[in-house]
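The analysis underlying the following values was restricted to heavy atoms, covering all of them including side chains, and did not include hydrogens, waters or symmetry mates. What you are looking at is a predicted structure, and each value in this text was computed from that prediction instead of being measured. Both counts, for ligands and for their atoms, begin at 1 and track the order of listing.
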Amino acid sequence: MMMVVLPSLVLALLCLLRAGAEVPVQPGFDAEKFAGTWHVAAIASNCSVFLKMKDGMKSSITTISFTLEGDVSMKLLWPMADKCQKFELLFQRSGQAGHYVAAQEMRDLRVMETDYSSYAIVHEFKRSGEEPHSAMQLLTREQDVSPQLLQKFKELMPTVGLTTDMMAVLPKSDQCTKDIR
Ligand SMILES: *[C@@H]1O[C@H](CO)[C@@H](O)[C@H](O)[C@H]1NC(C)=O
């Protein structure tokens with residue numbers, strides 16, 4: 001009896017675990033429409049460094065572009081103290097549109113939801129290091145964010161294992177706007 005029941009139970013559990021780990025991606029994702037400049041209006045993450053710093057963070061700017069191969073580059077402008085700090089992140093395309101990977105750091109980036117013209121919600125999962133962590137960002141084309149968008153963002157948080165106490169709504173900043181290219 002055990003011999004028969006156990007394997008199917010294990011399979012069922014594996015299915016559940018896999019289903020739980022699968023973060024949704026915007027159906028019919030269109031990279032060309034997603035490219036361009038976005039303001040990072042809110043972030044939620046269970047990364048301990050972020051949780052310590054989140055109350056001092058200001059809204060940053062990310063400019064997204066795609067290579068001919070379909071890989072993505074994110075140029076970040078981050079207001080820090082009195083400077084505008086610049087970073088660049090690169091992700092390779094995966095087999096699924098809207099899902100990108102940075103293999104070396106074992107990072108996954110997924111565009112969960114977007115209307116391309118006003119908002120996008122992206123998810124990042126980092127597996128390497130001692131502390132894997134999950135993060136979500138609310139991107140907006142305009143610097144102002146509506147309560148409806150924040151509500152949508154909060155509603156998606158539990159689907160990736162985050163709670164509202166891990167969220168920061170980032171105050172507006174003009175420190176980096178002149179550096180947008
Ligand atoms: C963050 O959440 C992810 C997904 O739920 C989990 O795998 C990871 O261990 C968590 N990390 C921390 C530092 O709590």
Side-chain angles (χ1 to χ4, degrees), residues 6-29 31 34 38-62 64 71-76 78-81 85 87-115 119-140 145 147-171:
L6 214 53
S8 57
L9 204 76
V10 170
L11 279 179
L13 280 176
L14 282 178
C15 284
L16 281 179
L17 288 176
R18 244 200 329 254
E22 205 51 57
V23 175
V25 171
Q26 171 66 44
F29 178 75
F34 183 66
W38 295 95
H39 295 274
V40 182
I43 302 181
S45 172
N46 65 358
C47 169
S48 59
V49 178
F50 167 79
L51 291 172
K52 267 181 230 138
M53 288 178 53
K54 74 180 176 64
D55 295 325
M57 287 169 69
K58 285 185 252 173
S59 174
S60 55
I61 294 163
T62 177
I64 290 171
D71 298 341
V72 61
S73 139
M74 301 174 85
K75 291 200 175 73
L76 295 168
W78 210 291
M80 271 183 187
Q85 209 67 46
F87 304 94
E88 185 170 6
L89 294 175
L90 297 166
F91 291 88
Q92 283 93 50
R93 73 190 172 108
S94 74
Q96 181 188 26
H99 177 195
Y100 301 89
V101 291
Q104 268 154 0
E105 299 119 85
M106 298 177 81
R107 272 173 199 266
D108 267 89
L109 179 80
R110 285 181 173 87
V111 181
M112 295 176 74
E113 207 181 300
T114 183
D115 68 353
Y119 83 99
I121 294 172
V122 299
H123 178 257
E124 203 187 315
F125 189 73
K126 191 167 184 275
R127 236 162 309 194
S128 69
E130 295 174 3
E131 225 187 24
H133 62 257
S134 175
M136 245 172 75
Q137 294 189 12
L138 173 62
L139 308 179
T140 54
V145 58
Q148 288 86 343
L149 276 183
L150 283 175
Q151 189 55 36
K152 193 191 271 291
F153 186 66
K154 284 184 194 159
E155 281 164 13
L156 279 176
M157 284 172 46
T159 64
V160 294
L162 297 171
T163 53
T164 44
D165 58 311
M166 297 169 180
M167 172 174 121
V169 180
L170 307 175

Any protein N or O within less than 3.5 Å of an N or O in ligand 1? List each pair with its distance, or say none.
residue	atom	partner	partner atom	Å
ligand 1	2 (O)	N46	ND2	2.3
ligand 1	11 (N)	N46	ND2	3.0
ligand 1	11 (N)	P132	O	2.7
ligand 1	14 (O)	N46	ND2	3.3

Just to verify, what does E88 make a salt bridge (Lys or Arg N to Asp or Glu O under 4.0 Å) with, not counting sequence neighbours?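 By the salt bridge (Lys or Arg N to Asp or Glu O under 4.0 Å) rule, E88 matches K75.
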
I'd like to check T114 versus W38 (side-chain heavy atoms, cut-off strictly below 4.5 Å). Are they in contact?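 A side-chain contact under 4.5 Å exists here.
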
Kindly indicate whether the side chain of L109, heavy atoms from C-beta on, has any atom under 4.5 Å from the side chain of V101. no

Which residues satisfy the side chain to side chain contact (heavy atoms under 4.5 Å, CB included) test with R107, sequence neighbours excluded? F91, A102, E105, E124, K126

D55 meets the side chain to side chain contact (heavy atoms under 4.5 Å, CB included) criterion, sequence neighbours left out, with none

Under 3.5 Å, side chain of S59 to main-chain N/O of A41, donor-acceptor pair present?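 Absent.
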
